[in-house]
Amino acid sequence: MSITDVLSAEDIAAALQECQDPDTFEPQKFFQTSGLSKMSASQVKDVFRFIDNDQSGYLDEEELKFFLQKFESGARELTESETKSLMAAADNDGDGKIGAEEFQEMVHS
(Lines give C-alpha, C1' and ligand atoms only; values in the text may rest on other atoms or scores of the structure.)
Protein backbone atom coordinates (compact mmCIF):
# COMPACT_ATOMS: atom_id res chain seq x y z
CA MET A 1 0.00 0.00 0.00
CA SER A 2 1.13 3.51 -0.79
CA ILE A 3 -0.29 6.47 1.10
CA THR A 4 -1.27 7.99 -2.26
CA ASP A 5 -3.62 5.03 -2.79
CA VAL A 6 -5.94 6.67 -0.26
CA LEU A 7 -4.91 10.35 -0.15
CA SER A 8 -4.12 12.63 -3.07
CA ALA A 9 -0.48 13.59 -3.59
CA GLU A 10 -1.57 17.24 -3.95
CA ASP A 11 -3.36 17.24 -0.58
CA ILE A 12 -0.39 15.58 1.11
CA ALA A 13 1.99 18.14 -0.42
CA ALA A 14 -0.23 21.00 0.77
CA ALA A 15 -0.42 19.54 4.30
CA LEU A 16 3.36 19.11 4.46
CA GLN A 17 3.90 22.64 3.15
CA GLU A 18 1.86 24.02 6.08
CA CYS A 19 4.19 22.40 8.61
CA GLN A 20 7.58 22.43 6.89
CA ASP A 21 9.18 24.57 9.61
CA PRO A 22 10.06 22.97 12.97
CA ASP A 23 7.37 23.31 15.65
CA THR A 24 4.62 24.25 13.16
CA PHE A 25 2.93 20.81 12.98
CA GLU A 26 -0.70 21.01 14.10
CA PRO A 27 -2.33 17.55 13.94
CA GLN A 28 -5.91 18.68 13.24
CA LYS A 29 -4.83 21.10 10.52
CA PHE A 30 -2.67 18.37 8.95
CA PHE A 31 -5.53 15.83 9.05
CA GLN A 32 -7.90 18.32 7.40
CA THR A 33 -5.54 19.52 4.68
CA SER A 34 -4.32 16.02 3.81
CA GLY A 35 -7.90 14.73 3.57
CA LEU A 36 -7.45 12.23 6.40
CA SER A 37 -10.27 13.73 8.49
CA LYS A 38 -12.74 13.15 5.63
CA MET A 39 -11.99 9.42 5.47
CA SER A 40 -14.08 6.66 7.03
CA ALA A 41 -13.01 5.09 10.33
CA SER A 42 -11.82 1.94 8.53
CA GLN A 43 -9.81 3.97 6.01
CA VAL A 44 -8.14 5.90 8.84
CA LYS A 45 -7.25 2.59 10.48
CA ASP A 46 -5.70 1.44 7.17
CA VAL A 47 -3.53 4.59 7.22
CA PHE A 48 -2.66 3.81 10.86
CA ARG A 49 -1.40 0.37 9.84
CA PHE A 50 0.72 2.03 7.15
CA ILE A 51 2.26 4.40 9.74
CA ASP A 52 2.82 1.59 12.29
CA ASN A 53 6.40 0.67 11.25
CA ASP A 54 6.81 -2.41 13.42
CA GLN A 55 3.19 -3.56 12.98
CA SER A 56 2.81 -3.73 16.77
CA GLY A 57 -0.69 -2.26 16.62
CA TYR A 58 0.56 0.86 18.40
CA LEU A 59 2.46 4.02 17.55
CA ASP A 60 5.18 4.92 20.06
CA GLU A 61 7.13 8.18 20.26
CA GLU A 62 9.89 6.84 18.02
CA GLU A 63 7.38 6.06 15.24
CA LEU A 64 5.63 9.42 15.72
CA LYS A 65 8.93 11.23 15.21
CA PHE A 66 8.86 9.98 11.59
CA PHE A 67 5.11 10.58 11.13
CA LEU A 68 5.48 13.16 8.32
CA GLN A 69 7.99 10.95 6.47
CA LYS A 70 5.29 8.28 6.13
CA PHE A 71 3.42 10.74 3.92
CA GLU A 72 6.50 11.90 1.95
CA SER A 73 9.95 10.36 2.39
CA GLY A 74 11.70 13.73 2.10
CA ALA A 75 9.62 15.37 4.84
CA ARG A 76 11.21 16.49 8.08
CA GLU A 77 11.12 14.64 11.39
CA LEU A 78 8.78 15.96 14.07
CA THR A 79 10.53 17.83 16.87
CA GLU A 80 10.50 16.36 20.37
CA SER A 81 7.82 18.83 21.48
CA GLU A 82 5.66 18.05 18.42
CA THR A 83 6.05 14.32 19.05
CA LYS A 84 5.06 14.68 22.72
CA SER A 85 2.13 16.93 21.79
CA LEU A 86 0.87 14.43 19.19
CA MET A 87 1.16 11.62 21.75
CA ALA A 88 -0.71 13.64 24.38
CA ALA A 89 -3.48 14.48 21.90
CA ALA A 90 -4.20 10.84 21.11
CA ASP A 91 -3.08 8.69 24.04
CA ASN A 92 -6.43 8.58 25.82
CA ASP A 93 -5.54 5.71 28.17
CA GLY A 94 -2.12 7.12 29.15
CA ASP A 95 -0.13 4.00 28.23
CA GLY A 96 2.52 5.95 26.29
CA LYS A 97 1.43 4.68 22.88
CA ILE A 98 -1.37 5.28 20.39
CA GLY A 99 -3.60 2.42 19.29
CA ALA A 100 -5.59 2.34 16.05
CA GLU A 101 -8.81 3.30 17.85
CA GLU A 102 -7.13 6.27 19.59
CA PHE A 103 -5.60 7.39 16.28
CA GLN A 104 -8.95 7.25 14.51
CA GLU A 105 -10.63 9.20 17.37
CA MET A 106 -7.93 11.90 17.18
CA VAL A 107 -8.26 12.23 13.38
CA HIS A 108 -12.05 12.62 13.64
CA SER A 109 -12.12 14.86 16.75
Side-chain angles (χ1 to χ4, degrees):
M1 172 183 156
S2 167
I3 198 74
T4 53
D5 291 345
V6 290
L7 296 170
S8 87
E10 294 80 22
D11 289 347
I12 291 169
L16 291 171
Q17 179 69 32
E18 291 176 348
C19 63
Q20 66 182 351
D21 296 324
D23 294 316
T24 60
F25 176 72
E26 296 175 28
Q28 294 308 338
K29 188 175 184 181
F30 183 86
F31 300 147
Q32 288 176 341
T33 304
S34 68
L36 206 52
S37 60
K38 297 179 199 125
M39 297 173 75
S40 71
S42 70
Q43 288 172 312
V44 170
K45 288 176 185 171
D46 286 343
V47 171
F48 172 88
R49 283 189 282 281
F50 180 76
I51 297 168
D52 182 14
N53 274 348
D54 60 8
Q55 299 302 302
S56 64
Y58 295 96
L59 301 177
D60 57 28
E61 281 195 17
E62 190 60 28
E63 287 169 306
L64 290 180
K65 183 174 157 184
F66 302 106
F67 181 82
L68 296 177
Q69 293 176 358
K70 288 306 217 166
F71 292 86
E72 167 61 54
S73 61
R76 70 177 178 85
E77 291 178 8
L78 292 180
T79 64
E80 186 176 344
S81 64
E82 288 171 321
T83 301
K84 290 188 181 310
S85 174
L86 184 55
M87 177 65 73
D91 184 20
N92 297 332
D93 60 10
D95 64 357
K97 51 193 178 186
I98 300 171
E101 201 66 40
E102 290 172 314
F103 182 75
Q104 183 266 313
E105 287 172 19
M106 174 180 60
V107 168
H108 288 135
S109 69

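Quantities reported herein were computed from a predicted structural model and do not represent experimental measurements. In what follows, every heavy atom counts, from backbone to side chain, and hydrogens, waters and symmetry copies are set aside.
For the atom pair CD1 (Ile51) and CG (Asp46), the distance works out to 11.0 Å, reported to the nearest 0.5 Å. Interatomic distance, Leu64 CG to Thr83 OG1, rounded to the nearest 0.5 Å: 6.5 Å.
Scored by the side chain to side chain donor-acceptor pair (under 3.5 Å) test, Lys29 finds no partners at all (sequence neighbours excluded). Residues satisfying the salt bridge (charged side-chain N to carboxylate O under 4.0 Å, His left out) criterion with Glu72, sequence neighbours excluded, are absent altogether. Among residues two or more places apart in sequence or in another chain, the side chain to side chain contact (heavy atoms under 4.5 Å, CB included) test is passed with Ser42 by Ser40. Shown here are the salt bridge (charged side-chain N to carboxylate O under 4.0 Å, His left out) partners of Lys65, two or more places apart in sequence or in another chain: Glu77. Under the rule for a side chain to side chain contact (heavy atoms under 4.5 Å, CB included), the partners of Gln32 that lie at least two apart in sequence or sit in another chain are Ser37. Glu80 meets the side chain to side chain donor-acceptor pair (under 3.5 Å) test with no other residue; sequence neighbours excluded. Remark: Gln28 engages Ser109 in a side chain to side chain donor-acceptor pair (under 3.5 Å) (not counting sequence neighbours). Taking the ring-ring contact (aromatic ring centres under 6.0 Å, His included) definition, one finds that Phe30 meets it with Phe25, Phe67, Phe71, sequence neighbours left out.
The two residues Asp91 and Gly96 have their closest heavy-atom pair at OD2-N, 2.8 Å. Shown here for Met106 and Ala90, the closest heavy-atom pair between the two residues is SD-CB, 3.5 Å. In terms of heavy atoms, Glu82 sits closest to Pro22 at OE2-C, 4.1 Å. Between Leu36 and Val44, the closest heavy-atom pair is O-CG2, 3.8 Å.
A distance-only check finds no donor-acceptor pair linking the side chain of Ser73 to the backbone of Gln69 [under 3.5 Å].
The pair Asp52-Arg49 does not meet the salt-bridge criterion, since no charged nitrogen lies less than 4.0 angstrom from a carboxylate oxygen.
Residue pairs meeting the salt bridge (Lys or Arg N to Asp or Glu O under 4.0 Å) criterion with at least one partner in residues 6-26, sequence neighbours excluded, are absent. The stretch residues 97-109 participates, sequence neighbours left out, in these salt bridge (Lys or Arg N to Asp or Glu O under 4.0 Å) pairs: Lys45-Glu101. The ring pair (Phe, Tyr, Trp, His ring centres under 6.0 Å) analysis of residues 39-65, with sequence neighbours excluded, yields the pairs Phe48-Phe103. Under the salt bridge (Lys or Arg N to Asp or Glu O under 4.0 Å) criterion, the residue pairs touching residues 55-64 are Glu61-Lys84, with sequence neighbours excluded.
Grouping the Ile, Leu, Val, Met, Phe, Trp and Tyr side chains by contacts below 4.5 angstrom, directly or via other members, places Val47 apart from Phe66.
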Go through it in stages, so that I can follow the logic: the residues are Met87 and Leu59, the test is side-chain contact (heavy atoms from CB on, under 4.5 Å), and I'd like the CA-CA distance, side-chain angles, deciding distance and then a yes or no.
CA-CA 9 Å; Met87 177 65 73; Leu59 301 177; over 6 Å; no

